[in-house]
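Scroll down for the structure; my scribbles are underneath it.
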Amino acid sequence: MSIAETLKRLQIQIPAVEPRFQFVPGVQVGELLFISGQTPEINGIMQYSGRLGEDLDIETGKQAARLAALNCLGEIEAVLGSLERVQRIVRVIGYVRSADNFGEQPLVINGASELLIEVFGEAGRHARAALGTSELPFGAPVELEMIVQVKSAE
């Protein structure tokens with residue numbers, strides 16, 4: 001099943017993402033694509049804000065991570081022209097804006113990981129880091145970066 005068919009079956013729409021600052025959506029070096037950090041925004045408007053363990057619970061944090069992952073997929077599509085060119089998701093780096101003594105960042109970033117496995121199957125399984133931080137841009141609760149292996153041109 002193609003990625004487009006999978007997305008349709010899952011009723012997932014990939015957002016168009018345009019950087020608002022001085023960076024590009026991603027940079028390809030050889031077969032690796034490095035995706036710029038994404039937060040849980042829609043059309044430049046933050047959909048979630050606050051600290052996990054203080055303002056937001058884990059389930060809400062997972063939803064925010066899922067939206068940030070969708071925005072990363074939008075960046076991948078912008079750079080490659082199609083998600084069909086993704087060989088596999090290599091690594092996800094997740095930052096979680098955390099309250100003091102909150103140590104459940106991996107549970108929050110699971111929202112992104114689960115989406116990637118839904119969309120790409122085994123090719124969506126990835127190495128990962130889930131890090132806590134005191135602040136993220138514009139009050140975002142999560143920010144994600146990705147490294148993606150691109151299918152070689154045939």
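Only this structure's heavy atoms are used, side chains among them; waters, hydrogens and symmetry mates stay out.
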To the nearest 0.5 Å, tell me how far [X] [atom1] sits from [Y] [atom2].
X: Ile35; Y: Leu32; atom1: CD1; atom2: CG; value: 11.0 Å
X: Ile109; Y: Glu143; atom1: CD1; atom2: CD; value: 10.0 Å
X: Ile89; Y: Ile117; atom1: CD1; atom2: CD1; value: 10.5 Å
X: Lys62; Y: Tyr48; atom1: NZ; atom2: OH; value: 12.5 Å

Worksheet entry | Enclosure of Glu5 CD (heavy-atom neighbours >12, cutoff 6.0 Å) | yes

Would the distance check show the side chain of [X] and the main-chain N or O of [Y] forming a donor-acceptor pair, the cut-off being under 3.5 Å?
X: Arg9; Y: Ala4; value: no
X: Asp57; Y: Thr60; value: yes
X: Thr6; Y: Ser2; value: yes
X: Arg51; Y: Ser134; value: yes
X: Gln87; Y: Arg85; value: no

Which pair of heavy atoms, one from [X] and one from [Y], lies closest together, and at what distance?
X: Gly53; Y: Phe102; value: CA-CD1, 3.6 Å
X: Gln105; Y: Ser98; value: NE2-OG, 2.9 Å
X: Leu70; Y: Pro15; value: O-CD, 3.6 Å
X: Pro40; Y: Ala64; value: CB-O, 3.4 Å
X: Ala65; Y: Val108; value: CB-O, 3.4 Å

Worksheet item: Does the pair Ser113 and His126 meet the rule for a side chain to side chain contact (heavy atoms under 4.5 Å, CB included), with working shown?
Response: CA-CA 8 Å; Ser113 296; His126 51 271; 2.8 Å; yes

Worksheet item: Under a 4.0 Å N-O cut-off, is there an ion pair linking Glu135 with Arg97?
Response: yes

Worksheet item: Hey, is Glu84 close enough to Lys151 for a salt bridge, meaning N to O under 4.0 Å?
Response: no

So if you build clusters from Ile, Leu, Val, Met, Phe, Trp, Tyr with side-chain heavy-atom gaps below 4.5 Å, do [X] and [Y] land together?
X: Ile3; Y: Leu80; answer: yes
X: Val90; Y: Leu144; answer: no
X: Ile12; Y: Leu73; answer: yes
X: Leu10; Y: Leu115; answer: yes
X: Ile147; Y: Val86; answer: no

Is a side-chain donor-acceptor pair under 3.5 Å present for [Y] with [X]?
X: Asn110; Y: Arg66; result: no
X: Glu145; Y: Tyr95; result: yes
X: Glu75; Y: Gln38; result: yes

Practice prompt. Going by the side chain to side chain contact (heavy atoms under 4.5 Å, CB included) test, name the single residue among Ile93, Leu116, Leu33 that passes it with Met146.
Written response: Leu116

Can you check whether [X] reaches [Y] side chain to side chain, under 4.5 Å on heavy atoms?
X: Leu7; Y: Leu83; answer: yes
X: Arg88; Y: Phe120; answer: no
X: Gln47; Y: Leu67; answer: yes
X: Leu136; Y: Pro141; answer: no

Discussion item. Between Glu122 and Arg125, is the salt bridge (Lys or Arg N to Asp or Glu O under 4.0 Å) condition met? List the steps.
Written reply: CA-CA 5 Å; Glu122 284 302 307; Arg125 293 193 184 279; 3.0 Å; yes

Discussion item. By the side chain to side chain donor-acceptor pair (under 3.5 Å) test, which pairs, at least two apart or in different chains, include something from residues 23-37?
Written reply: Glu31-Gln149

